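Take a look at the structure set out below.
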Amino acid sequence: MPDTVHLSSTFADNALMQELVGPHNTNLTRLEKKLGVKLHSHGNTVTVEGLAEQATLAQAALQNLYGRLKAGHMIETGDVDAAARMSGMGPGEDLSIRTRKRVIAPRSPGQRAYFQALVDNDLVFALGPAGTGKTYLAVAKAVAMKIAGEVDRIVLSRPAVEAGERLGFLPGDLKEKVDPYLRPLYDALHDMLPGDLVTRLLTSGEIEVAPLAFMRGRTLANSFIILDEAQNTTPVQMKMFLTRLGENSRMVVTGDLSQIDLPRGTQSGLKDAIDIIGDVDGVAQVEFSARDVVRHDLVARIVQAYDARDAARRADRDADSSDVS
């Protein structure tokens with residue numbers, strides 16, 4: 001049976017040490033659960049007890065959290081979970097995104113790859129389940145570039161599949177018709193910027209939130225353009241959207257190929273685009289998994305359960321096909 005090791009880390013700042021361990025040692029308790037170790041604090045020292053690999057990861061997570069505190073950031077539950085997920089990756093480059101209201105750092109290995117792709121590429125496809133931050137982080141990057149003057153405009157779009165893009169049949173004026181489909185994008189904006197600034201930028205057109213149907217015939221220059229829920233586009237719609245990319249613009253396309261709401265037999269434009277241009281220079285593709293879910297722990301387990309069910313069904317179909325042949 002592997003031997004248990006004891007690793008100790010001493011943290012110089014008393015005040016930060018208190019924030020590190022959390023009230024009633026809640027942060028240490030959460031790390032214990034996530035990494036399968038025992039943590040003991042005495043004075044300014046935290047001792048990790050566990051198998052060598054897990055103990056090393058826990059020590060790295062503690063150093064990560066202390067570094068966050070030294071940089072002037074608070075520690076929330078999500079930050080503790082993120083430190084546990086990222087503990088095996090080493091410090092790496094600082095890829096944090098700074099907006100008016102918060103500093104956003106990657107909270108999973110998949111998010112770190114996504115952050116890097118957003119830096120290095122003009123077009124990024126982000127694929128994966130809900131709760132992985134695909135849209136939220138894209139909006140954060142767009143806001144950061146707008147604040148820095150690197151783009152003049154942010155354009156956020158979604159296909160209004162539930163209305164079949166026939167928005168005229170819905171009650172209310174144009175804003176009332178499209179808002180239900182675009183609400184997640186508004187929510188992300190308000191998380192990054194003060195409410196009065198969001199309103200002002202929306203009014204001036206420097207931030208535009210519109211259904212996909214409104215993109216036809218336009219060329220979007222000096223813009224950061226995001227298409228959300230792209231699995232619900234058709235190939236024709238996707239080609240139309242991708243060819244809106246203009247001079248000095250960035251584009252992010254997000255979606256979950258397991259959640260296609262198109263009519264049966266209709267091909268997803270997202271899948272079609274990945275097959276056609278996924279390997280084109282300047283295009284990046286980032287795939288998230290249940291391990292990258294940063295919402296409630298239960299969400300990750302739900303995603304894993306569905307993935308297991310789908311994998312079993314595929315295996316059954318393959319076995320049936322093999323029997324027929």
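Quick note: numbers below take in every heavy atom, side chains included, and nothing from hydrogens, waters or symmetry partners. Owing to the predicted nature of the structure, the values given are computational and were not obtained by experimental measurement.
Counting only distance, with no hydrogens or angles, the side chain of S249 and the backbone of L245 share no donor-acceptor pair below 3.5 Å. Looking at R244, its side chain does come within 3.5 Å of a backbone N or O of R218 through a donor-acceptor pair. Between the side chain of T266 and the main chain of L262, no donor-acceptor pair closer than 3.5 Å is present. A donor-acceptor contact shorter than 3.5 Å is absent between the side chain of T10 and the backbone of T45. For the pair N232 (side chain) and I260 (backbone), a donor-acceptor distance under 3.5 Å is absent. A side-chain donor-acceptor contact under 3.5 Å links S289 to the backbone of R291.
Around atom CD of E150, more than 12 heavy atoms belonging to other residues, nucleotides or ligands sit under 6.0 Å away. Atom CG of D279 has 12 or fewer neighbouring heavy atoms from other residues, nucleotides or ligands inside a 6.0 Å radius. K38 NZ: 12 or fewer foreign heavy atoms inside a 6.0 Å radius. Atom CZ of R309 has more than 12 neighbouring heavy atoms from other residues, nucleotides or ligands inside a 6.0 Å radius.
Within the 4.5 Å cutoff, no side-chain heavy atoms of R250 are placed close to those of N121.
A donor-acceptor contact closer than 3.5 angstrom links the side chains of T47 and S8. With 3.5 Å as the limit, one finds a donor-acceptor pair spanning the side chains of D120 and Q116. Between the side chains of Q231 and S268, no donor N or O sits under 3.5 Å from an acceptor N or O. Side-chain contact check for T132 and D292: no donor-acceptor pair (N or O, by modelled atom type) lies under 3.5 Å.
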Should L20 and N27 be marked as a side chain to side chain contact (heavy atoms under 4.5 Å, CB included) after you check the CA-CA gap, both sets of side-chain angles, and the distance that decides it? CA-CA 7 Å; L20 177 65; N27 293 340; 5.9 Å; no
Take D272 and T234 through the side chain to side chain contact (heavy atoms under 4.5 Å, CB included) test and state the conclusion after the steps. CA-CA 9 Å; D272 186 58; T234 66; over 6 Å; no
Audit row: V252, L123, side chain to side chain contact (heavy atoms under 4.5 Å, CB included) steps and yes/no: CA-CA 6 Å; V252 179; L123 172 58; over 6 Å; no
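Under the side-chain hydrogen bond (donor to acceptor under 3.5 Å, both in side chains) criterion, D228 pairs with T135, R158, T254, not counting sequence neighbours.
The aromatic rings of Y114 and F288 sit perpendicular, their planes meeting at an angle over 60°, well past the 30° parallel limit.
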